[in-house]
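Computation of the quantities below employed the complete heavy-atom set of this structure, encompassing side-chain atoms and omitting hydrogens, waters and symmetry-equivalent molecules. Each ligand, and each atom within it, is numbered from 1 in the order the structure gives.
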Amino acid sequence: MQSEAAAAWLLDSMGTAVLVFDARLRLSYLNHAGEVLLAHSARHACGRSVHELVTNAEVLASQLVDTLGSEQVVAHRGCLLELPDAPDLRVNCNFTPVTDEHGEACVLVELRKIDYQLRIEQEEHLITQQQATHELVRGLAHEIKNPLGGLRGAAQLLEREIKDDALREYTQIIIGEADRLSALMDSMLGPNKLPNIQAVNIHEVLERVSELVKAEAGEQLQFHQDYDPSLPDIQADPDLLVQAVLNIVRNAAQALGNAGDITLRTRIQRNFNIGASRHRLVARIQIIDNGPGIDEALRKQVFYPMITGCSEGTGLGLSIAQALISRHQGLVECTSEPGETVFTILLPLEGKHES
Ligand SMILES: Nc1ncnc2c1ncn2[C@@H]1O[C@H](COP(=O)(O)OP(=O)(O)OP(=O)(O)O)[C@@H](O)[C@H]1O
Ligand SMILES: [Mg+2]
């Protein structure tokens with residue numbers, strides 16, 4: 001470590017809350033994630049005893065005392081912390097005995113909120129599942145497309161030989177259905193051009209999509225913008241982003257029967273995980289509608305291809321949106337209940353891209 005400032009910067013960049021308690025069980029250090037977790041600034045919290053910071057401090061205090069007298073790192077899973085000025089927390093904790101710069105014994109405590117870990121595990125699961133499904137679908141679509149070309153060609157040859165108009169109707173059906181299936185396979189294969197990566201203003205993407213959907217849906221669909229103007233440009237393919245957002249916003253408009261409210265919200269997340277990958281800056285784009293919500297039976301599967309609740313839907317919109325966002329190392333998530341459906345697009349604001 002080169003300097004104290006660099007060490008402090010590193011600790012403040014961590015996603016884990018780090019607390020140090022001295023031998024009198026008073027807090028002597030709190031990093032940035034700790035401030036967020038305890039809902040206290042370090043200035044306000046340091047110097048306070050564990051009993052002032054946590055309402056049910058008995059377990060924590062006795063573990064601090066035990067750790068002070070030992071040389072072992074101890075892990076506790078699923079501890080409930082009741083805080084005086086913030087909602088209760090369920091956390092996993094690590095207690096490590098350390099000595100401070102004056103040689104005094106103290107305890108370093110690492111706290112990780114459990115829902116944070118759960119979210120990472122769920123997202124990782126979602127990413128792996130999506131990738132597997134996407135590969136399977138692409139493979140299948142490719143295999144179906146090849147013989148389709150042969151079928152169509154043979155039907156055309158046959159049509160030329162047939163003199164009877166009534167029989168030609170049948171070859172027309174074969175050709176028409178082969179074309180329909182081929183178009184469906186193209187949308188399952190996704191865009192086959194290489195992404196054209198450039199600096200993109202997310203708000204321009206959202207404005208373009210709302211203009212398009214407004215034109216389709218009419219006056220009774222209201223868009224509300226809740227933008228974070230400090231959101232920097234993202235390195236992305238603007239057409240692919242428009243397509244992904246369009247698929248999500250169009251669904252919202254359809255669920256609302258073209259009459260209701262759609263809120264477009266953007267925020268920056270610092271030191272944020274997308275699955276297990278940690279990013280310094282992440283753009284969070286939310287599309288929120290006040291429609292009836294996703295059918296409960298479909299909720300866990302909406303990102304799978306061919307899952308649809310509309311009679312005329314192909315069920316590809318969301319799986320394509322997910323594939324397009326994952327080409328930018330991002331992820332689409334969804335929560336839904338009657339009256340509020342939220343699709344959240346997470347996109348890293350720096351990093352590599354698929355070429
Ligand atoms: N905002 C929403 N509110 C309610 N239900 C939704 C919403 N978004 C998606 N859904 C449900 O999820 C299903 C899957 O959506 P998806 O876009 O993948 O396919 P689709 O809209 O049916 O067909 P298409 O391929 O034409 O988009 C929808 O049919 C709908 O039932
Ligand atoms: Mg759709």
Side-chain angles (χ1 to χ4, degrees), residues 126-127 129-138 140-141 144-145 177 179-192 205-206 208-218 220-226 239-266 284-327 330-346:
L126 187 65
I127 290 170
Q129 253 182 358
Q130 300 295 338
Q131 281 169 347
T133 318
H134 189 61
E135 288 310 310
L136 179 72
V137 167
R138 278 178 70 90
L140 267 177
I144 293 173
K145 243 196 113 170
E177 290 298 286
D179 287 346
R180 192 176 65 82
L181 205 51
S182 175
L184 183 64
M185 294 304 116
D186 282 340
S187 45
M188 284 177 127
L189 285 164
N192 53 7
V205 169
L206 294 174
R208 210 164 119 202
V209 170
S210 24
E211 290 307 318
L212 281 169
V213 176
K214 244 190 255 170
E216 289 170 5
Q220 282 177 299
L221 189 69
Q222 295 284 328
F223 278 91
H224 308 273
Q225 282 83 6
D226 176 8
D239 293 338
L240 299 187
L241 284 193
V242 166
Q243 186 61 56
V245 177
L246 184 62
N247 288 3
I248 297 171
V249 175
R250 223 176 232 156
N251 281 348
Q254 281 163 0
L256 288 166
N258 291 336
D261 298 299
I262 297 181
T263 304
L264 304 173
R265 179 172 296 153
T266 58
R284 195 180 74 200
I285 305 147
Q286 289 184 309
I287 295 118
I288 305 163
D289 73 71
N290 63 347
I294 300 175
D295 209 25
E296 217 175 326
L298 298 183
R299 240 171 249 174
K300 289 207 169 109
Q301 306 161 30
V302 279
F303 291 109
Y304 288 121
M306 315 305 269
I307 295 291
T308 179
C310 324
S311 49
E312 66 283 9
T314 58
L316 288 178
L318 288 176
S319 73
I320 290 173
Q322 185 70 267
L324 295 176
I325 295 300
S326 90
R327 285 176 90 167
L331 183 70
V332 189
E333 295 178 321
C334 158
T335 58
S336 179
E337 56 184 71
E340 192 182 69
T341 297
V342 183
F343 278 86
T344 303
I345 303 176
L346 298 166

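- Of the listed options Ile262, Leu318, Ile248, Leu318 places a heavy atom closest to atom 16 (P) of ligand 1.
- Annotation: Gly313 places no N or O atom under 3.5 Å from an N or O atom of ligand 1; distance criterion only.
- Listed by chain and residue number, the protein N/O/S atoms under 2.8 Å of the Mg ion (ligand 2) are Asn251 OD1, with waters left out.
- Protein heavy atom in closest approach to atom 23 (O) of ligand 1: Gly315 N, 3.0 Å.
- Atoms of ligand 1 lying under 4.0 Å from any heavy atom of Thr308, numbered from 1 in the order shown and given with element: 20 (P), 22 (O), 29 (O).
- Side-chain contact between Leu346 and Ile325 is absent, with no heavy atoms from C-beta onward closer than 4.5 Å.
- A heavy-atom separation below 4.0 Å is found between Ile307 and ligand 1.
- The line from OG1 of Thr341 to CZ of Arg299 is 7.5 Å long, rounded to the nearest 0.5 Å.
- A distance of 5.5 Å separates CG of Leu206 from CG of Leu264, quoted to the nearest 0.5 Å.
- When hydrogens are left out, the protein atom nearest atom 15 (O) of ligand 1 is Asn251 ND2, 3.5 Å; that is the closest non-hydrogen contact.
- By the 4.0 Å heavy-atom criterion, Gly293 is counted among the residues contacting ligand 1.
- Within the 3.5 Å criterion, the main-chain N or O of Thr344 finds no donor-acceptor partner in the side chain of Glu333.
- Near Cys310, meaning under 4.0 Å from one of its heavy atoms, ligand 1 places the atoms 22 (O), 29 (O).
- Contacts between Ile294 and ligand 1 below 4.0 angstrom, taking non-hydrogen atoms only, involve backbone and side chain alike.
- Contact annotation: the side chain of Ile248 approaches that of Val332 to within less than 4.5 Å [non-hydrogen atoms, C-beta and beyond].
- Of the candidates Ile320, Asp289, Thr314, it is Thr314 that places a heavy atom closest to atom 26 (O) of ligand 1.
- An N or O contact shorter than 3.5 Å is missing between Phe343 and ligand 1 by distance.
- Distances below 4.0 Å separate heavy atoms of Ala255 from the following atoms of ligand 1: 2 (C), 3 (N), 4 (C).
- A donor-acceptor distance shorter than 3.5 angstrom exists from the side chain of Asn290 to the backbone of Asp261, with no hydrogens or angles considered.
- For the pair Ala252 and Asp289, the tightest heavy-atom approach, listed with the atom from each and the gap, is CB-OD2, 3.5 Å.
- One finds the CG atom of Leu318 at 4.5 Å from the CZ atom of Phe343 (value rounded to the nearest 0.5 Å).
- Every residue meeting the salt bridge (charged side-chain N to carboxylate O under 4.0 Å, His left out) condition with Arg208, not counting sequence neighbours, appears here in chain and number order: Asp239.
- Separating the CD atom in Glu312 from the CD atom in Gln254 is a distance of 7.0 Å, to the nearest 0.5 Å.
- Looking at heavy atoms from C-beta onward, Met306 lies out of side-chain contact with Thr314 at the 4.5 angstrom threshold.
- Residue contacts with ligand 1 for Phe303 are absent, since no atom lies close enough (heavy atoms, distance under 4.0 Å).
- In terms of protein heavy-atom proximity, atom 28 (C) of ligand 1 is nearest to Gly309 N, 3.8 Å.
- Between the CG atom in Asn258 and the CD atom in Glu216 there is a gap of 8.5 Å [rounded to 0.5 Å].
- Near Val302, meaning under 4.0 Å from one of its heavy atoms, ligand 1 places the atoms 12 (O).
- Close approach of ligand 1 to Leu298 is summarised as follows: ligand atoms under 4.0 Å from at least one heavy atom of the residue are 31 (O).
- For a threshold of 3.5 Å applied to N or O pairs, the pair formed by Asp295 and ligand 1 contains no separation below that value.
- Of the inter-residue distances, the one linking Ile345 atom CD1 with Thr266 atom OG1 reads 11.5 Å to the nearest 0.5 angstrom.
- For Arg265 (side chain) and Ile288 (main-chain N/O), no donor-acceptor pair under 3.5 Å exists by modelled atom type.
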